[in-house]
2 protein chains.
Amino acid sequence: MTARDIALVGATSAYGEAIRELLDERDVPLGRLHLLASGESAGQNLPFRGSNLRVTGLDGFDFAQVGIVILAAPAAVVETLRPQLVAAGCAVLDLSGASAALSVLPRINGDRLDQLPAAAWLGVPLAAAQAAASVAAVLARLNTLHDASLTACLAASGAGRGGVEELARQATELLNGRPVEARLFEGQLAFNLLGRTGAATADGYTAQEHRLLDECQQVLGARLPVLDVTAVQAPVFFGDSLALSLRAQAPWQLEQVLEALGDEPGLALDEELDCPSAVGDALGREEVLVGRVRLHPRDARRLECWLVADNVRLSALTAVQLAELLLKQSA
Amino acid sequence: MTARDIALVGATSAYGEAIRELLDERDVPLGRLHLLASGESAGQNLPFRGSNLRVTGLDGFDFAQVGIVILAAPAAVVETLRPQLVAAGCAVLDLSGASAALSVLPRINGDRLDQLPAAAWLGVPLAAAQAAASVAAVLARLNTLHDASLTACLAASGAGRGGVEELARQATELLNGRPVEARLFEGQLAFNLLGRTGAATADGYTAQEHRLLDECQQVLGARLPVLDVTAVQAPVFFGDSLALSLRAQAPWQLEQVLEALGDEPGLALDEELDCPSAVGDALGREEVLVGRVRLHPRDARRLECWLVADNVRLSALTAVQLAELLLKQSA
């Protein structure tokens, strides 16, 4: 095993591609990068640091030869790999939400990494959880949070390339007056909103809503006592949009809130932009764009804001930042 | 003046057309219907009760000859008509939100009509306010509401025909790889969400959000102490979608909540549908469709639901129901 070698599972997914680009751009001090993918995606050559790396199939790959595995593959694939990964003893950064032992955002609860064994299984929170938790963490330094509500309008790309393709196909069908076919989504998504992303679990929440709740709770802990979540499937290809309400024990001071949000790395508060949009402003950015920060006209303990983020880029960035921290620990 | 005669201003708008259809379908016992529109829309003939009515221009129309005026025109048009309407002494049903003296929903605060003079100026709440207030009113009979949060994803048709046309044009431009032009909206709406509908006022809320707040407060009164509102412009032609969270003093009983919502006229709780969508399920319906009713997994005082409604049809229906009540009073 070479601690500085990394295996990237799902290398040809949108998330996998963004991770490979960021490992390159940020000059992450890794040893060898292994690109892995299942089935038909294997065999391609992808650029990395001036050379081409061949994408290898998952079958027969010996995970014991790497120190870190980044999982940018669907939850079902992750579950089949779990026994091998546990046996190999590598550190795992899992974007799938399948089975994270601990959700970590470097700037908020990154100190948790210090207490973990080298072979920890870490969850990379959904971009929507990252956005909401990042804002809540800043505001929790100014005031005691009471509760919050989040409506997360999630992009089709959150469902992978298949989601992007289905939205494009449905839109073309509609604009050409043809009947709309739904395969991956629960119905017509083009020029419509679907009130959930995937099927409901027994309590009425979807798996993704439970994931958002759990990730926010793990990252923020007692700083946010309770959060309402609705995750909506939006007819948007890339970029998540969130309406977040935060209620505190004491009235907010708007100037102080704006200053704290503006100073926070990872957040971009552009007062001129004021109302950023996912497609118009967030795509390609590594920050969560914060807009429409306002206090309720009748109760200054209630604060509202509008957050947009490049969902793929934000998740990939956090995975790469966690890899950097793990490499630093093993150095 | 003939008390049973009605003038419909904005007769050729989407809302005006729906009102004319409902006055016909519901056999509203009116006298004569005057169809009015500004500028180029005048001169058309539109069907009503088996004959064709000519749409007249607004200039020179004597409002003193009718008992009820329904305003399905933009706020700017309504403001120019105000002095004439006040002088004429007719009852006004205003869909524009320009200047409502009192917002009324027949099933919730319809009793307010009994205390009003015949020449009252009544506001027809936005469909999103109607949907949220209708659900909150039912639930306020079961439990004491503490507060609520609403994210209203509003259709392009809320901005009139121009909104529908702009969304269609933008979508076609995008799918043909042409640059997207924004005129009515603040930016690209197709395959994107805009975090507000129109410009912000001094406190950061939009005029439409203030309208939603005021209408819910007027209709519900003390039943809902405080409400957070974000009104988002969705890339949807027709039909509003709402994520609503309601917090109560005591835990909710889910069975009791479902029974009360299912029994309420004007609401449709289809448990098999579970997650209705605006385009897939609500269009053409006169009810607010209620789905995804669920309790927070860690705090049963917190209830979430997903509401969809045909925004044009719902507003038109309420205007017509109010006209029916006024006609009954004058009979």
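Sequence lines set the chain letters: A, B, ... in the order given, protein chains first and strands last, and positions in each chain run from 1.
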* Asn192(B) side chain to Val279(A) backbone, donor-acceptor under 3.5 Å ->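 Confirmed, Asn192(B) side chain pairs with Val279(A) backbone.
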* Structure fact -> Here the gap from Leu193(B) atom CG to Cys153(A) atom SG, rounded to the nearest 0.5 Å, amounts to 5.0 Å
* Would Thr151(A) and Glu304(B) count as a side chain to side chain contact (heavy atoms under 4.5 Å, CB included) if you check the C-alpha gap in whole Å, the side-chain angles of each, and the deciding distance to 0.1 Å? -> CA-CA 11 Å; Thr151(A) 303; Glu304(B) 326 279 337; over 6 Å; no
* Do any of residues 249-261 of chain B have a heavy atom less than 4.5 Å from a heavy atom of chain A, and if so, which, in residue order? ->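 If one takes a 4.5 Å heavy-atom cut-off, no residue of residues 249-261 of chain B lies near chain A.
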* **Heavy-atom pair count under 4.5 Å with chain A, highest-scoring of Asp274(B), Leu194(B), Asp299(B)** =>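 Option with the greatest count: Asp274(B).
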* What residue, out of Arg298(B), Arg292(B), Glu209(B), has the most heavy-atom pairs lying under 4.5 Å from chain A? -> Arg292(B)
* So which part of Leu227(A) gets closer than 4.5 Å to some heavy atom of chain B, the side chain, the backbone, both or neither? ->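 Backbone of Leu227(A) only, per the 4.5 Å heavy-atom cut-off to chain B.
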* To do: Heavy-atom pairs under 4.5 Å with chain A are the metric here; pick the option from Asp203(B), Val180(B), Val226(B) that has the most.
  => Val226(B)
* To do: Any ring pair (Phe, Tyr, Trp, His ring centres under 6.0 Å) involving residues 193-250 of chain B? Give me the pairs, sequence neighbours left out, ordered by first then second residue.
  =>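 Residue pairs passing ring pair (Phe, Tyr, Trp, His ring centres under 6.0 Å), neighbours aside: Phe191(A)-Phe237(B), Tyr205(B)-His210(B).
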* Structure fact -> Turns out that what part of Leu295(B) lies under 4.5 Å from chain A's heavy atoms comes down to backbone
* Examine whether an atom of Arg196(B) lies under 4.5 Å from a heavy atom of chain A, and if so say whether it belongs to the side chain, the backbone or both; otherwise answer neither. => both
* In terms of heavy-atom proximity below 4.5 Å to chain B, should Thr206(A) be classed as side chain, backbone, both, or neither? -> both
* Check the surroundings of atom CZ in Arg223(B): do more than 12 heavy atoms from other residues, nucleotides or ligands lie under 6.0 Å from it? => yes
Exercise answer: donor-acceptor pairs, residues 228-236 of chain A side-chain atoms, under 3.5 Å, sequence neighbours excluded:
| from | atom 1 | to | atom 2 | distance (Å) |
| --- | --- | --- | --- | --- |
| Asp228(A) | OD1 | Arg302(B) | NE | 2.8 |
| Asp228(A) | OD2 | Ser149(A) | OG | 3.0 |
| Asp228(A) | OD2 | Arg247(B) | NH1 | 2.8 |
| Asp228(A) | OD2 | Arg302(B) | NH2 | 3.0 |
| Thr230(A) | OG1 | Arg294(B) | NH2 | 2.9 |
| Gln233(A) | NE2 | Leu154(A) | O | 3.1 |
| Gln233(A) | NE2 | Ala155(A) | O | 3.3 |

* Quick one: which residues of residues 161-179 of chain A reach chain B at under 4.5 angstrom, heavy atoms only? ->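 Within residues 161-179 of chain A, the residues under 4.5 Å from chain B are Leu167(A), Ala171(A), Thr172(A), Leu175(A).
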* Ala152(B) versus chain A, the contacting section by heavy-atom distance below 4.5 Å ->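 Ala152(B) has no heavy atom closer than 4.5 Å to chain A.
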